[in-house]
Participant: 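I'd like to ask some things about the structure below.
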Protein chains: 2
Amino acid sequence: MIRTNLKLVAYTENLFNSGEYDIWKEEFGPKQKIIEQDHRYNKIYLIKSGIAKCYISDENGKEFIQEFLGEGMEFGELEFFNKGYTICSVESITALKVFVFSYASFNQLLDSDRQFNQLIMKALADKIRYKAPRHSYQHSYPIEDNLIRLKELFPEFTEIISKKDIANYIGVTPRSLNRALKELKEKSDQF
Amino acid sequence: MIRTNLKLVAYTENLFNSGEYDIWKEEFGPKQKIIEQDHRYNKIYLIKSGIAKCYISDENGKEFIQEFLGEGMEFGELEFFNKGYTICSVESITALKVFVFSYASFNQLLDSDRQFNQLIMKALADKIRYKAPRHSYQHSYPIEDNLIRLKELFPEFTEIISKKDIANYIGVTPRSLNRALKELKEKSDQF
DNA sequence: CACTAAAAAGGACATTTGTCCCACAAAGAA
DNA sequence: TTCTTTGTGGGACAAATGTCCTTTTTAGTG
């Protein structure tokens, strides 16, 4: 549920420490909007510690959470490749420490550091691999099954992430989420 | 709805014609399964002409279509990057002509041909960018709105793709799709 | 042509989920 | 403390979608 990429963050740490590249650190408090949908930026972020949410919001203000981003997850990189506007907003949930690459340094690294290039390529592929079955499952099964699945994957999710965010992640209303949670509880209380 | 990548197919055509790489052509009839979920392969496909569907099926036989693949779309590449099993099956809809890369040649190209590397990177990023808003929209809006949207994007979709596939793409049952189509028709007949 | 199989359309009913409320508790601000 | 505000929980009903089944249409085959 909260995605991570430990290899990438370790590698970035080394790049940063080498001092050879235009990479720096930034920090954010909780609930700060870091990038906003439909805008242009010229830097790429990589989470060093903390949790953020990446979401799309529509005209009616509905939010749909794409991913919860943990250590080692990058954002802003898609816009680098496509030279377009952001499709998601990213907002910190907890306090956040990030590495930031300028477009120039990111490009330079992709060109000259084959290992970095491979890590980024794999990170992109992972994002695709992860999204596919998740959306498929969410469409095909009732909310309850999705919750059971979440709980197995990430038992403490209710403590860290708000109900509203969980609902937006699963793609249902908070009301429906509540109903499903109650059902689950009643079922487990029988034993 | 049917995704394409004309630059990539043109570039691959050139690579193939150069004869310097381990790239060859294959052909398939309609409705042939080309790769199967949860298997390993050691080649990467790129569509030269025709249309295929990429879908996930679950234990209960439900299919969820991820993408309709047209000219220039590749598949089998995610497994190359992650060294894992396929998460989707791919099946031709029309007759299909494809280029096939051996893993060795694909790897060699990524390493030595910066332009190829960039094209693949961009193709991965495009897949992510495309998926995100689509699933978001499908979750947030009723079937009818989704159909209107599809029709604007791709007016002739009902002629090429079967109702069942369209339903599996939107993530609903054929029955619900029919209902929505009928509603739409009645509404447009009023004018 | 007649026959079969597959795709499409839709009726009737059950279930799930959403909408619109209101109530209550927890956290922060005055 | 008291007063907001925000998150949470849930009742009652409406709407959307699924399930199961039957009928019709279409496409293909001997």
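Source: prediction; values computed, not measured. Proteins come first, then strands; the chains are lettered A, B, ... in the order of their sequence lines, and each starts at number 1.
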Participant: With 3.5 Å as the limit, what N/O pairs link the protein to nucleotides 23-28 of chain D?
Facilitator:
none

Participant: Assign I143(B) to base, sugar-phosphate, or nothing according to its heavy-atom contacts below 4.0 angstrom with the strands shown.
Facilitator: sugar-phosphate
Participant: Is the count of non-hydrogen atoms from other residues, nucleotides or ligands lying under 6.0 Å from K164(A) atom NZ greater than 12?
Facilitator: no
Participant: Going from CG on D126(A) to CZ on R3(A), what distance comes out if it is rounded to the nearest 0.5 angstrom?
Facilitator: 6.0 Å
Participant: Does NZ or CZ of K43(B) lie under 6.0 Å from the centre of the six-membered ring of Y41(B), at an angle within 45° of the ring axis?
Facilitator: no
Participant: How many Å lie between CD on E159(A) and P on dG7(D), as a whole number?
Facilitator: 18 Å
Participant: Does any residue of residues 163-171 of chain A have a heavy atom under 4.0 Å from DNA chain D, and if so, which ones, in number order?
Facilitator: K163(A), K164(A)
Participant: Taking 5' to 3' order, which nucleotide of DNA chain C is first and which is last to have an atom within less than 4.0 Å of a heavy atom in chain B?
Facilitator: dA7(C) to dA12(C)
Participant: Report yes or no: does S92(A) contribute a side-chain atom to a donor-acceptor pair with the main-chain N or O of A95(A) at less than 3.5 Å?
Facilitator: no
Participant: Looking at R134(B) and Q66(B), would you say the former's side chain and the latter's main chain have a donor-acceptor pair under 3.5 Å?
Facilitator: yes
Participant: In whole Å, what is the span from the CG atom of L181(A) to the P atom of dG7(D)?
Facilitator: 17 Å
Participant: Using a 6.0 Å cut-off, check whether atom CZ of F154(A) has over 12 heavy atoms from anything other than its own residue.
Facilitator: yes
Participant: Can you name the ring-ring contact (aromatic ring centres under 6.0 Å, His included) partners of F106(A), sequence neighbours left out?
Facilitator: F80(A), F101(A), F116(A)
Participant: Collect all protein-nucleotide pairs involving nucleotides 11-15 of chain D in which both atoms are nitrogen or oxygen and the distance is under 3.5 Å.
Facilitator:
residue	atom	partner	partner atom	Å
dG11(D)	N7	R175(A)	NH2	3.1
dG11(D)	O6	R175(A)	NE	2.9

Participant: Can you give me the closest heavy-atom contact between I56(A) and S136(B), atom names plus distance?
Facilitator: CG2-OG, 3.9 Å
Participant: Quick one: list whatever passes side-chain hydrogen bond (donor to acceptor under 3.5 Å, both in side chains) with Y130(B), sequence neighbours left out.
Facilitator: Y169(B)
Participant: Please determine if K62(A) forms a cation-pi arrangement with Y141(B), meaning its NZ or CZ atom is less than 6.0 Å from the six-membered ring centre and no more than 45° off the ring axis.
Facilitator: yes
Participant: Would you say dG18(D) has OP1 or OP2 under 4.0 Å from some side-chain N or O of T173(B)?
Facilitator: yes
Participant: For a quick check under 3.5 Å, do N117(A) and N117(B) share a side-chain donor-acceptor pair by atom type?
Facilitator: yes
Participant: Given atom NZ of K185(A) and atom P of dT8(D), what is their separation to the nearest angstrom?
Facilitator: 16 Å
Participant: Please check if the side chain of N107(B) supplies one atom and the backbone of Y103(B) the other of a donor-acceptor pair under 3.5 Å.
Facilitator: no
Participant: Report yes if a side-chain nitrogen or oxygen of S176(B) is closer than 4.0 Å to either non-bridging phosphate oxygen (OP1 or OP2) of dG18(D); otherwise report no.
Facilitator: yes
Participant: To the nearest Å, give me how far apart CG (L177(A)) and P (dT8(D)) are.
Facilitator: 9 Å
Participant: Could you measure the distance from the CG atom of N168(A) to the OH atom of Y55(A)? Nearest 0.5 Å is fine.
Facilitator: 10.0 Å
